[in-house]
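Chain letters run A, B, ... following the sequence lines, proteins first and then strands; every chain starts at 1. Computed from a prediction, not measured in an experiment: that's the story for all the values here.
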Amino acid sequence: MTRRESFWAGARDITPILMGIMPFGMISGITAVNVGIGQGMAMLMSVLVFAGASQLVAYQLIGSGAISFVIVYTALVVNLRFVVYSASIAPYFKPLSTPWKWLYAYLLTDQGYAISLIRFREDESVRPTWYYLGASVLLWVTWQVFSALGIFLGSAVPAHWGLDFAIPLTFMAVLVKALDNRPAIIAALIGGLVATVAYNLPMNLGLIAGVLSGILAGYWADSAGRPRRREDAS
Amino acid sequence: MAASTILWITLAMAVGTFLLRLSFIQFFADREVPPVLQRILRYVPSAAVSAIILPAIVYTNGVPDVSFGNERLLAGILALFVAMRTKSFPLTVGAGMATFWLLRLFI
């Protein structure tokens, strides 16, 4: 497959996924201005950060008046998953020069990563770096266009409509997809309960405590559900 | 929140997120994520997302409100059922917002 064909194969494979990106980008733009972020700043965040889930986390916490450090910390915790993607896609990006590696890293998303790895493993003929670029660029453009649309629309909607409520609702749809195994359900239950009970602790410690205890509970449930090493070997 | 504060938050998030994405692509291309770390990272999204959702629908102006007067809680519970049944993002947000607005009209 040529470079051009690989690029367009990536763009084609990401297309059905864009149907989900469009409303997500729009909600992101609408809620950003609804929690009081200026239009220009909201667009700047969308371009510089380019990670929807962490942006929604930041909007929610900005709206509830959390302290800056906690907002950044929580947003970055949500983005920790990129480390795993970075590691598993890194071998395919080895031939790239440093500036291209930086561009490819900036473009890394859940969706672009997922379709790329599936294709790279099935199809030896595709050129990985071009396929990834085709998928990622199309996703990037879609996200920015629909974020801008949301920012524009959101500015026309008065704050008392309560559109910021779309943030927890969006996360509910995201969360339910992750809850396909017992440790993940336990992580969600413990994380949510601890954060709720401890909500009024100073410096948003309740949120941090909730996130950490949820992660630990999930990890603990995962370990408890695994057979011991010795049995694994036999 | 002041615009300058939001700008700093944006810059810190942008740099931090970029470094997380760049980590293995640039710096440790020949290494793998240790298995223990991978297993811990697997549960980060569920824990973090839930720790954000639940207080956001239970608390109203900093006070917990578990009653029929809390529209966000009721609409949130309904949306959770819709999410579990349909796994659809637009349906979940649509049903949740519609219920929220209806309840606000009547409560």
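Proximity to chain A (any heavy atom under 4.5 Å) is shown, for Phe89(B), by both the backbone and the side chain. Proximity to chain B is limited to the side chain of Ile71(A), based on heavy atoms less than 4.5 angstrom apart. Within the 4.5 angstrom heavy-atom criterion, no atom of Ser64(A) approaches chain B. Heavy atoms of Leu193(A) lying under 4.5 Å from chain B belong to its backbone as well as its side chain. If you measure heavy-atom distances from Leu91(B) to chain A, you find no contacts under 4.5 Å at all. Residue Ala198(A): no heavy atom, backbone or side chain, is found under 4.5 Å from chain B. Using a 4.5 Å cut-off between heavy atoms, Leu41(B) touches chain A through its side chain atoms alone. When heavy atoms are compared at a cutoff of 4.5 Å, Ala87(A) approaches chain B by way of both its backbone and its side chain. Interface residue Val197(A): only backbone heavy atoms are found under 4.5 Å from chain B. Contact of Leu179(A) with chain B is made through the side chain alone, with heavy-atom distances under 4.5 Å. When heavy atoms are compared at a cutoff of 4.5 Å, Ser213(A) does not approach chain B at all. Heavy atoms of Phe24(A) lying under 4.5 Å from chain B belong to its backbone as well as its side chain. For a residue to count as touching a neighbouring chain, one of its non-hydrogen atoms must lie under 4.5 Å from one of that chain's; by this rule Trp101(B) touches chain A with the side chain only.
You'll find the side chain of Val49(A) stays beyond 4.5 Å of the side chain of Phe18(B), heavy atoms only.
Looking at every heavy atom in both residues, Met13(B) comes nearest to Leu76(A) through O-CD2, 3.9 Å. Nearest approach of Tyr43(B) to Tyr219(A), heavy atoms of both residues: CD1-N, 3.8 Å. Between Ala178(A) and Ser46(B) the shortest heavy-atom distance is CB-OG, 3.9 Å. Counting all heavy atoms, side chain and backbone alike, Val77(A) lies closest to Val44(B) at O-CG1, 3.2 Å.
Within residues 89-96 of chain A, the residues that have a heavy atom under 4.5 Å from a heavy atom of chain B are Ile89(A), Ala90(A), Phe93(A), Lys94(A), listed by number.
Exactly one of Thr99(B), Val93(B), Ile53(B) qualifies for a side chain to side chain contact (heavy atoms under 4.5 Å, CB included) with Leu169(A). That residue is Val93(B). Partner of Val176(A) under the side chain to side chain contact (heavy atoms under 4.5 Å, CB included) criterion, chosen from Val82(B), Thr92(B), Leu80(B), Thr86(B): Leu80(B).
Most heavy-atom pairs under 4.5 Å with chain A, from the set Arg72(B), Gln38(B), Arg104(B): that is Arg72(B).
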